[in-house]
Amino acid sequence: MELLTKRLTIRSPVIEDAEELRGKINDFSIVQWLSNTPYPYDIDDAISFINRSNQAIKDSTAYNLVIEIDDEIAGGVGLFDVDEVGCELGFWIASKFWKRGIATEASKTMLYFGFKQLELKTIKASFKEGNEASNKVLKKLGFISIDQKLEDDEILKQRVMMHFLEIKSSDYLFNN
Ligand SMILES: CC(C)(COP(=O)(O)OP(=O)(O)OC[C@H]1O[C@@H](n2cnc3c(N)ncnc32)[C@H](O)[C@@H]1OP(=O)(O)O)[C@@H](O)C(=O)NCCC(=O)NCCS
């Protein structure tokens, strides 16, 4: 699958992306803020991600896509845990592309896809305490805080305050 914006190509990952993906995600300044991402991140992790993503797209259970800008992978964005009413949004951007509005633009495209094409009612997201960049992206998109909870974090090996947010289709459609 492929979604296009003026600057970005947001598409299914292919096996040829494995090495580039590994090189970009294997960065603790990214992985520390994610959940369920191995670190170090090796080539088998990338291959397994690509295979799982393509199967999930076929099954309509998740849309974990890569973001490409000028033929280079700039990051990833996804809707996952998709059911009839909702899903979760997640994203990461390679550090050399930070603060250029890419996470916001790619996530906006995924919200449009989720609400308009999949006709979902609610999209949820979460971030770890201290992740101001993610907080800012989500608030710019219109996400509202709904809860916060201390959780064990496998990557940071400590208890971390998780912040949970959501956006409802009624609010999204009203504002877009
Ligand atoms: C979070 C992340 C995806 C943001 O990507 P990005 O493409 O740099 O974000 P954008 O450029 O769209 O920025 C959106 C807003 O956040 C702000 N922002 C970006 N990085 C920031 C930082 N480190 N600290 C504070 N604000 C930040 C931007 O200035 C912008 O605000 P503005 O429009 O008021 O200027 C990126 O920092 C990243 O990949 N982090 C590691 C992985 C991660 O945290 N993923 C999300 C897990 S919940």
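When a ligand or atom number is given, it counts from 1 through the structure's own listing order.
- Partners of Tyr112 under the ring-ring contact (aromatic ring centres under 6.0 Å, His included) rule, at least two apart in sequence or in another chain, do not exist in this structure.
- Here the shortest heavy-atom distance to atom 45 (N) of ligand 1, taken over Trp33, Phe91, Trp92, belongs to Phe91.
- Atom CG of Asp70 sits in a sparse spot, with 12 or fewer heavy atoms from other residues, nucleotides or ligands closer than 6.0 Å.
- With respect to atom 38 (C) of ligand 1, the closest heavy atom belonging to the protein is Trp98 NE1, 3.5 Å.
- In terms of modelled atom types and a separation under 3.5 Å, the side chain of Asp45 and the main chain of Asp42 share a donor-acceptor contact.
- Aromatic ring orientation, Phe127 versus His163: parallel (interplanar angle below 30°, classes split at 30° and 60°).
- For atom 48 (S) of ligand 1, the nearest protein heavy atom lies closer than 4.0 Å.
- Glu20 contributes a side-chain N or O that, together with a main-chain N or O of Ile73, makes up a donor-acceptor pair within less than 3.5 Å.
- The protein heavy atom nearest to atom 4 (C) of ligand 1 is Ala103 CB, 3.8 Å.
- Among all heavy-atom pairs drawn from Lys128 and Val31, the shortest one is NZ-O, 4.4 Å.
- Ligand 1 lies less than 4.0 angstrom from a heavy atom belonging to Ser126.
- At a threshold of 4.5 Å between non-hydrogen side-chain atoms, the residues Val77 and Ile10 count as touching.
- Taking the centre and axis of the six-membered ring of Phe164, the NZ or CZ atom of Lys149 falls inside the cone set by 45° and 6.0 Å.
- Taking every non-hydrogen atom of Gly101 and a distance limit under 4.0 Å, the qualifying atoms of ligand 1 come out as 10 (P), 11 (O), 12 (O).
- The shortest heavy-atom contact between Arg11 and Asp17 is NH1-OD2, 2.8 Å.
- A 4.5 Å side-chain heavy-atom check between Arg7 and Ile102 finds at least one atom pair inside the cut-off.
- Assignment of Lys140 to the shell around ligand 1 is supported, since a heavy atom sits closer than 4.0 Å.
- The protein heavy atom nearest to atom 20 (N) of ligand 1 is Ala133 CB, 3.3 Å.
- Counting protein heavy atoms only, atom 42 (C) of ligand 1 is closest to Ile30 O, 3.7 Å.
- Protein heavy atom closest to atom 44 (O) of ligand 1, with residue, atom name and distance, is Asn131 ND2, 2.7 Å.
- The distance from ligand 1 to the heavy atoms of Lys136 drops below 4.0 Å at these ligand atoms: 15 (C), 16 (O), 17 (C), 26 (N), 31 (O), 34 (O).
- Near Arg100, meaning under 4.0 Å from any of its heavy atoms, are these atoms of ligand 1: 11 (O).
- Within ligand 1, the atoms closer than 4.0 Å to a non-hydrogen atom of Lys99 are 6 (P), 8 (O), 11 (O), 19 (C), 20 (N), 21 (C), 22 (C), 27 (C), numbered from 1 in the order shown.
- Among protein heavy atoms, the minimum distance from atom 39 (O) of ligand 1 is reached at Ile93 N, 2.8 Å.
- Residue-level proximity to ligand 1 for Ala125 is absent, since no heavy atom of it falls below 4.0 angstrom.
- What sits closest to atom 12 (O) of ligand 1 on the protein, heavy atoms only, is Thr104 OG1, 2.5 Å.
- Note that atom 28 (C) of ligand 1 has no protein non-hydrogen atoms nearby, at separations under 4.0 angstrom.
- Within a 6.0 Å sphere centred on CD of Glu19, heavy atoms belonging to other residues, nucleotides or ligands number more than 12.
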